[in-house]
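Read through the structure below, which is laid out as structure tokens, and then see the notes.
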Amino acid sequence: MTPRLEEPRPPKVIHCLGSLVLRSDSSSDKPAARFMVECEDCHDTSDPVDDVRRITEAWALNHAADNPGHEYYQLTAHRFWRVTRGPARDGAAAHGRVVGGGQ
């Protein structure tokens, strides 16, 4: 399999708390995410991989072929985050609250 070449992507801000900023980690040595598949019948898992489609789908199909009756699978994504320090935003330091990026 040929490795995927991706353009560097800017880190996405997920949440802020005072001067702490939680971002996606877009380091060049890390993929956007790693994926694993777990068989819900026996809890066997695939190895973590960067390509969610081909490798994880093939693992589930091969596992089902080798284990009749194993029909239910769960896909898990592991994303990489990084916490950095920056200037406080929106008074978050004074109030100790999470700002932006969701509930």
Point to revise | CD1 on Ile55 to CZ on Phe35, rounded to 0.5 Å | key: 11.0 Å
Check your understanding: Distance from Cys42 atom SG to Asn67 atom CG, nearest 0.5 Å?
Key -> 6.0 Å
Review point. Any idea which heavy atoms bring Arg23 and Thr84 closest together, and the distance?
Key: NE-OG1, 3.6 Å
Check your understanding: Are His43 and Thr45 close enough that some pair of their side-chain heavy atoms sits under 4.5 Å apart?
Key -> no
Point to revise | Smallest separation among heavy atoms of Ile14 and Ser24, with atom names | key: CD1-N, 3.8 Å
**Study point:** Candidate pair His78 and Thr76, rule side chain to side chain contact (heavy atoms under 4.5 Å, CB included), full reasoning
**Key:** CA-CA 7 Å; His78 297 266; Thr76 303; 3.7 Å; yes
Review point. Glu71: what forms a salt bridge (charged side-chain N to carboxylate O under 4.0 Å, His left out) with it, not counting sequence neighbours?
Key: none
Practice item. Determine whether the side chains of Gln74 and Glu40 contain a donor N or O and an acceptor N or O closer than 3.5 Å. Key: yes
Review point. How about Asp44 and His63: do any of their side-chain heavy atoms sit closer than 4.5 Å?
Key: yes
Check your understanding: Any idea which heavy atoms bring Arg79 and Ala32 closest together, and the distance?
Key -> NH1-O, 3.9 Å
Exercise for review: Take Trp81 and Asp25 through the side chain to side chain contact (heavy atoms under 4.5 Å, CB included) test and state the conclusion after the steps.
Suggested key: CA-CA 5 Å; Trp81 292 349; Asp25 187 350; 5.7 Å; no
Practice item. Of all the heavy-atom pairs spanning Pro48 and Met36, show the shortest one and how long it is. Key: CA-CG, 3.5 Å
Review point. Is the side chain of Ser46 donor-acceptor paired with the backbone N or O of Val37 at a distance under 3.5 Å, no angle test?
Key: yes
Point to revise | Trp59 and Tyr73 aromatic ring geometry - parallel, tilted or perpendicular at 30°/60° bounds | key: perpendicular
**Study point:** Contact summary for Pro68 and Ala65, nearest pair of heavy atoms
**Key:** CD-O, 4.4 Å
Practice item. Could you pull out the closest heavy-atom pair between Leu20 and Arg85, with the gap in Å? Key: CD2-NH1, 3.1 Å
